[in-house]
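Written out below as structure tokens is the structure these notes cover.
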Amino acid sequence: MSNYHIKHLEEYFQVYRKSVREPENFWEEIAEEHFVWRKKWDKVLEWDFTKPEVKWFQGAQLNITENCIDRHLATRADKTAILFEPNNPDEKAEQITYRQLHQRVNQFANVLKENRIQKGDRVCIYVPMIPELAVATLACARIGAIHSVVFAGFSASALATRINDADCKMVITADGSFRGSKTIDLKGIVDEALENCTCVETVLVAKRINSEINMKEGRDQWLQPLLDNASTECEAETMNAEDPLFILYTSGSTGMPKGMVHTTAGYMVYSAYTFKNAFQYKENDVYWCTADIGWITGHSYIVYGPLANGATTVMFEGVPSYPDFGRFWQIVEKHKINQFYTAPTAIRALAKHGTGLVDKYDLTSLKVLGSVGEPINEEAWHWYNDNVGKKKSPIIDTWWQTETGGMMITPIPYVTPTKPTYATLPFIGIQPCLMDENGKELEGNQVEGRLCIKHPWPSIARTIWGNHQRYKETYFSAFENKYFTGDGALRDEVGYYRITGRVDDVIIVSGHNLGTAPIEDAINEHPAVAESAIVGFPHDIKGSALYGYVILKDTGESRNHDNLRKEINQAISEKIGPIAKLDKIQFSEGLPKTRSGKIMRRILRKIASNEMDNLGDTSTLLNPEVVQNIIDNRL
Ligand code: 6R9
């Protein structure tokens, strides 16, 4: 049982050293001891970042659903695999055991086959956070169809773009979805999208909200009757290690979204291994990740990672604000959650409403708190640590990407001492480095540069669907023989990493490179501030100057804006230096956010630079309405 579960810091360093010195032996042992294979590999790793090409466990055969489901039936058949918590707190939660999951996935897999889906076909899954979403995903994997899950909050045009790019033969959806007090007409969105997609032959529709919907003859079918008639046995397809498991789209800085392709064996090994260690998951724990399965966080850490470890994983259908801002904590109490994984944007939104709704619930079950998606600012970190973790549950600030498939830099809880705003040390097997603009590696500590990875890890995305050239240009061309993450980072005096934000967010003011995260951090510490975003705008003397968009807390009292501006700049001066002071500070009602909660700085940058006729596509935003408000109040 060596090396699979790291329990103290010495062991981390020892295992880390081995994983870096002998990566092939290291991953071979993990793969051999902790997964089931139909056939073992001929070669552990073959790679060449100049092509680029990466292949792990070549020659091996397996099916990931056997690892996530079948192998647990001997010892965990009656254990809850998926615990579904509905949007409405009065609706009963649903416990799906490993035995039931096995039956449901097999039934669904048979329905796919009956509808002419074969190994290698692409299936688009546009389903809200209901059990069918996880089941559909696993059913595709069972028969070797490549799933492309599209977050069920995207618009018809965003959906159509993704369906066409992957040439999907089928769409799986639902009549509609519940989101807080609202319902969303998903099937209507699918119908609109499909007006522009000729590749789709079949649409399967799950019933969730019981709305009247349009069913197109010959194309659309209700899912449930098909499932009811399907056999609960479905032989898992034999997959090669490098067969694609899924495509997941991530937005690029411009143009078309990138369909990142993840393959079977390496993705399975890495998502499972990181899950076990980063959450220190123990057999009877109840684990909850609040992400949507439409994002990589949900793929790796709601579905595949937890299930490969035989864990109990919670799926929550609703939103943190419904019926009130205490919902997360009510769920933690109700299901006695042990590991809780969420995003800084959610923490800030909840913190805005004070601590009353946190203190109301019993959170003593919590052992580990996670953060993912963007840099967690210092204030949010402390709020999370003090009020949710009661200073007893370590916070793991996990840095990773859709492209990396699994966590890359993160503390291991109860192992790595944490430090606010630091993702700390590389995970086992990960070899990060920092590069300067001239392509030179920055050696030693107390350096800041562009974050790259030197050596492949098992779950690196293998290509962009249909566009290997773009994959090469985006990730392997900036620095020779290295994977470039697009993020900036610094390494402190003990070797801990802090992510400073996307490199395209770096602003050069009078020749000084400034990351957005540390400045926003300083602003957010002001007691009146809820959230902020910084962008650069052209300046005659400095080259670029800083423009800040600041959202104030809802305290009911009115504040003098000029005084606040002075205080904010004072705070920045103290924390970072006068060079980082803002030239303009606009108080706004909201910030444009992507559906996964990341601030869309591209739009803010254009507004600050007075390029309003050129805002680009705002339709995929969570809150497109704030854009006009920001424009109207521009300084
Ligand atoms: C998992 C996920 C990836 C980008 C990444 C970085 C930012 C994610 C972070 C973080 C600082 C963290 N990011 N986690 N920045 N600290 N803990 O979010 O994937 O949606 O592809 O986003 O998100 O900028 O490059 P994805």
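All values below were derived from every heavy atom in this structure, side-chain atoms included, with hydrogens, water molecules and symmetry-related copies excluded.
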Strictly below 4.0 Å, N to O, side chains only: are R104 and E94 in salt-bridge contact?
yes
(Q) I'd like to know if R208 and E132 make a salt bridge, using a cut-off of under 4.0 Å between side-chain N and carboxylate O. (A) no
Inset, instruction - For the pair T345 and K593, evaluate side-chain hydrogen bond (donor to acceptor under 3.5 Å, both in side chains) and give the outcome as yes or no after the intermediate values. - result: CA-CA 10 Å; T345 180; K593 296 254 174 100; 3.0 Å; yes
Those residues at least two apart in sequence (or on a different chain) that pass side-chain contact (heavy atoms from CB on, under 4.5 Å) with H72 are R76, Y98
Item checked: Verdict with reasoning, Y281 to N338, per side-chain hydrogen bond (donor to acceptor under 3.5 Å, both in side chains) -> CA-CA 9 Å; Y281 185 84; N338 301 111; over 6 Å; no
Does a side-chain N-to-carboxylate-O contact under 4.0 Å join R142 and E235? no
Ring pair (Phe, Tyr, Trp, His ring centres under 6.0 Å) filter on F178, not counting sequence neighbours, yields none
Do side-chain atoms of Y12 reach the backbone of I428 as a donor and acceptor pair under 3.5 angstrom?
-> no
Using 30° and 60° as the class boundaries, would you call the ring planes of F279 and F275 parallel, tilted or perpendicular?
tilted
Compute whether any side-chain donor of one residue and acceptor of the other, for T410 and T398, lie under 3.5 angstrom apart. no
Quiz item: How about F246 and Y267: are their ring centroids closer than 6.0 Å?
Solution: yes
Next item on the list: Return yes if a side-chain donor-acceptor contact under 3.5 Å exists between T342 and Y384, otherwise no.
Entry: no
Rounded to the nearest 0.5 angstrom, the NZ-CD distance for K598 and E374 is 7.0 Å
**Item:** Q280 side chain vs N277 backbone, donor-acceptor pair below 3.5 Å
**Value:** yes
Here the gap from I430 atom CD1 to I409 atom CD1, rounded to the nearest 0.5 Å, amounts to 8.5 Å
*Looking at K207 and D175, does any basic side-chain N land under 4.0 Å from a carboxylate oxygen?*
no
Margin query: Quick check against the 3.5 Å criterion: does N229 have a side-chain atom that pairs as donor or acceptor with the backbone of P225?
Written below: yes
Review point. Hey, does the side chain of E333 reach the backbone of D362 with a donor-acceptor pair shorter than 3.5 angstrom?
Key: yes
| said: Any heavy-atom pair between the side chains of P131 and I96 that's under 4.5 Å? | reply: yes
Rounded to the nearest 0.5 angstrom, the CE-CG distance for M215 and D191 is 9.5 Å
Rounded to the nearest 0.5 angstrom, the OH-CZ distance for Y273 and F35 is 10.0 Å
Can you see whether E28 engages W41 through a side-chain donor-acceptor pair at a distance of less than 3.5 angstrom?
yes
- Task: Report, as yes or no, whether the 6.0 Å neighbourhood of atom NZ on K7 holds more than 12 heavy atoms from other residues, nucleotides or ligands.
- Result: yes
A166 backbone acceptor or donor facing R122 side chain under 3.5 Å:
yes
Residue set satisfying side-chain hydrogen bond (donor to acceptor under 3.5 Å, both in side chains) with D243, at least two apart, ordered chain then number -> K119
Rounding to 0.5 Å, atoms OH (Y287) and CG (L83) come to a distance of 13.5 Å
Counting N and O atoms only, with roles assigned by atom type, does the side chain of N106 sit under 3.5 Å from a partner on the main chain of Q103, one being a donor and the other an acceptor? no
Can you check side-chain contact (heavy atoms from CB on, under 4.5 Å) on I293 and M129, steps first, answer last? CA-CA 7 Å; I293 293 176; M129 281 288 282; 3.8 Å; yes
Nearest heavy-atom contact between T404 and H262 is C-CE1, 4.2 Å
Between T264 and the options N67, N240, L245, the side chain to side chain contact (heavy atoms under 4.5 Å, CB included) test singles out L245
Closest non-hydrogen atoms of W222 and A206, given as atom of the first, atom of the second and distance, are CZ3-O, 4.1 Å
Next on the checklist: Distance alone, cut at 3.5 Å: any donor-acceptor contact between the side chains of E242 and T263?
Outcome noted: yes
- Exceeds 12 heavy-atom contacts within 6.0 angstrom, atom NZ of K39: yes
Answer yes when E237 and R38 have at least one side-chain N-carboxylate O distance shorter than 4.0 Å, and no when they do not.
no
The salt bridge (Lys or Arg N to Asp or Glu O under 4.0 Å) partners of R162 (sequence neighbours excluded) come to none
Do the side chains of K55 and L45 get nearer than 4.5 Å, heavy atoms only? no
All heavy atoms of F427 vs all of M407, minimum pair found to be CB-O, 4.0 Å
Might you work through the side-chain contact (heavy atoms from CB on, under 4.5 Å) test for C234 and I143, ending with a clear yes or no?
CA-CA 9 Å; C234 176; I143 65 164; 4.2 Å; yes
Here the pair of heavy atoms bringing I396 nearest to P413 is CG2-CD, 3.6 Å
| message | Quick check: Y249 with W295 (ring centres under 6.0 Å apart)? | response | no
Requested in this report: For residues W329 and F340, establish whether the separation of their ring centroids is below 6.0 Å.
Outcome: yes
- Would you check if there is a donor-acceptor pair between the side chains of E317 and N88 at a distance under 3.5 Å? no
When rounded to the nearest 0.5 Å, the distance separating CG of L307 from CG of L138 is 6.0 Å
Going by distance alone, is a donor N or O of one side chain under 3.5 Å from an acceptor N or O of the other, for H102 and D70? yes
Within the structure provided, determine whether E33 and Y4 are in side-chain contact (heavy-atom separation under 4.5 Å).
no
ask   = Do any N or O atoms from the side chain of K40 and from the backbone of A60 form a donor-acceptor pair under 3.5 angstrom?
value = no
Just by modelled atom types, is the R116 backbone N or O under 3.5 Å from a matching donor or acceptor in the K169 side chain? yes
Taking E192 for the side chain and I189 for the main chain, is one N or O donor matched with an acceptor at less than 3.5 Å?
-> no
Check your understanding: Mind checking whether W56 and Y270 have ring centres under 6.0 Å apart?
Key -> no
Can the ring centroids of Y341 and W288 be said to lie less than 6.0 angstrom from one another?
no
Heavy-atom closest pair (E85 atom, A93 atom, distance to 0.1 Å) is OE1-CB, 3.8 Å
Any side-chain to backbone donor/acceptor pair from N110 onto S231? Under 3.5 Å, distance only.
yes
Taking every heavy atom of A174 against every heavy atom of L186, the minimum-distance pair comes out as O-CB, 3.5 Å
Item checked: Note: K367-D285 ion pair, threshold 4.0 Å (strictly below) -> yes
query: Does some side-chain heavy atom of D121 sit less than 4.5 Å from a side-chain heavy atom of M170?
result: no
Sequence neighbours excluded and cut-off under 3.5 Å, please list the side-chain donor-acceptor pairs for residues 145-157, or say none.
residue	atom	partner	partner atom	Å
H147	NE2	Y304	OH	2.8
S155	OG	A158	N	3.2

Across all chains, not counting sequence neighbours, the side-chain contact (heavy atoms from CB on, under 4.5 Å) partners of K216 are R219, D220
